[in-house]
Number of protein chains: 2
Amino acid sequence: MKLLPHIRIWLSTDFAQDVIGTGRYRLLRTIGELGSLSAAAEQLGISYRKAWDDLKKAEKSIGCRLISKSRGGSGGGGKTELTADGIRLIGLYEQFAGKVERFAMETFNTLAKEIGGGQEHDRVP
Amino acid sequence: MKLLPHIRIWLSTDFAQDVIGTGRYRLLRTIGELGSLSAAAEQLGISYRKAWDDLKKAEKSIGCRLISKSRGGSGGGGKTELTADGIRLIGLYEQFAGKVERFAMETFNTLAKEIGGGQEHDRVP
DNA sequence: CGTCGATATGTTCGCAGATGCATGTCGGAT
DNA sequence: ATCCGACATGCATCTGCGAACATATCGACG
């Protein structure tokens, strides 16, 4: 009965669930680092289509813009950067998720020591 | 930017994910209370088929039996009760999930006060 | 030994979400 | 003015999951 905790953390609003989770957090963070949505999608190994959809859903859920986009530029490229709201959002998520995950690990280890001292029985066929 | 946290807590093993979450926790708990899988399914508003599948998956993931079943009896009825492992599992989940959720709420409130002091900008169309 | 209700399991159908393909659009740099 | 690559979006398709239906099996009790 060797168990480990596995937690999925989301931020939601009153009127829409699933504003941001680990996937969208990573996406926003990578966009911020690379300055490009398509480059971020490539680095994360997801299609541009999906990345764009995720972004749109996140913005619709939270109700404000998370990135500011532009087109054209040297070689036709555009640039994309996080808005102030976007930066605040990933900062909040990062800190929150980190604290909760750390707490969960500690708590689980303590509890498992107290409760899970037993051995396995009745192995399933 | 009024956000709230939304957490899903699972227990997993090294070799299989998703042993138990809120749904299966409720199912096991109700089985323990009512002494019947079909009665539990009915009370929870899910089909017997789904309840049975969930149970099977949980047992396969964790690798040991969670309930002991019998058939026949007065009026043909059987009885179903949690094994010692099953009882330990829901106890562990209950305590763990409770602590983590409480911690998450407190932590989020603190963080939101620190970070989320801003107003909304760039309302999405 | 027949009944009855609960366990046990296969099978099919429908649908939401993901994936992939194709195409349109924009604007700075040259 | 043209070009180029990244933003933007529609559309067809695929796929996995859950719901619903159907049915077999078991065994104490009377």
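The figures here come from the full heavy-atom set of this structure, side chains too, leaving out hydrogens, waters and symmetry mates. Convention: sequence-line order gives letters A, B, ...; per-chain numbering from 1. Being a predicted model, the structure only gives us computed values, none of them experimental.
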To the nearest 0.5 Å, atom CD1 of A/I90 lies from atom CG of A/L82 at 5.5 Å

note: B/K60, atom NZ; C/dT9, atom P; distance rounded to Å ~ 12 Å

- Message: Between B/L4 and A/T13, does the side chain to side chain contact (heavy atoms under 4.5 Å, CB included) criterion hold? Intermediate values first, please.
- Response: CA-CA 6 Å; B/L4 2 145; A/T13 62; over 6 Å; no

Here the gap from B/K57 atom NZ to B/I20 atom CD1, rounded to the nearest 0.5 Å, amounts to 14.5 Å

Show each protein N/O and nucleotides 7-12 of chain D N/O combination with a separation under 3.5 Å, one pair to a line.
| residue | atom | partner | partner atom | Å |
| --- | --- | --- | --- | --- |
| D/dC7 | OP1 | A/L37 | N | 2.9 |
| D/dC7 | OP1 | A/T80 | OG1 | 3.1 |
| D/dC7 | OP2 | A/S38 | N | 2.9 |
| D/dC7 | OP2 | A/S38 | OG | 2.9 |
| D/dC7 | O2 | A/R71 | NH1 | 3.3 |
| D/dA8 | OP2 | A/K69 | NZ | 3.4 |
| D/dG10 | N7 | A/R49 | NH2 | 3.0 |
| D/dG10 | O6 | A/R49 | NE | 2.6 |
| D/dC11 | N4 | A/R49 | NH2 | 3.4 |

Separation of D/dC21 atom C1' from B/I46 atom CD1, nearest Å, is 17 Å

For residues 46-56 of chain B, the salt bridge (Lys or Arg N to Asp or Glu O under 4.0 Å) pairs (sequence neighbours left out) are B/R49-B/D53, B/K50-B/D54

Considering only distance and modelled atom types, tabulate donor-acceptor pairs under 3.5 Å from the side chains of residues 27-38 of chain B, sequence neighbours left out.
| residue | atom | partner | partner atom | Å |
| --- | --- | --- | --- | --- |
| B/R29 | NE | B/Y25 | OH | 2.8 |
| B/R29 | NE | B/E94 | OE1 | 3.4 |
| B/R29 | NH1 | B/E33 | OE2 | 2.8 |
| B/R29 | NH2 | B/E94 | OE1 | 3.4 |
| B/T30 | OG1 | B/R26 | O | 2.7 |
| B/S36 | OG | B/S38 | N | 3.4 |
| B/S36 | OG | B/S38 | OG | 3.2 |
| B/S36 | OG | B/A39 | N | 3.1 |

When rounded to whole Å, the NZ to P distance for the pair B/K50 and D/dA22 reads 21 Å

Review point. Is any side-chain heavy atom of A/I67 closer than 4.5 Å to a side-chain heavy atom of A/E59?
Key: yes

Extract all donor-acceptor atom pairs below 3.5 Å that involve side chains of residues 101-111 of chain B and protein atoms in other chains or at least two apart in sequence.
| residue | atom | partner | partner atom | Å |
| --- | --- | --- | --- | --- |
| B/T107 | OG1 | B/F103 | O | 2.8 |
| B/N109 | ND2 | B/M105 | O | 3.3 |
| B/T110 | OG1 | B/E106 | O | 3.1 |

Between its two end axes (five pairs each) the helix from C/dC1-D/dG30 to C/dT30-D/dA1 turns, nearest 10 degrees, through 0°

- Task: Test B/I62 against B/D85 for side chain to side chain contact (heavy atoms under 4.5 Å, CB included), laying out the working first.
- Result: CA-CA 10 Å; B/I62 198 176; B/D85 286 332; over 6 Å; no

Whole-Å distance, B/E42 CD to C/dG5 C1', equals 13 Å

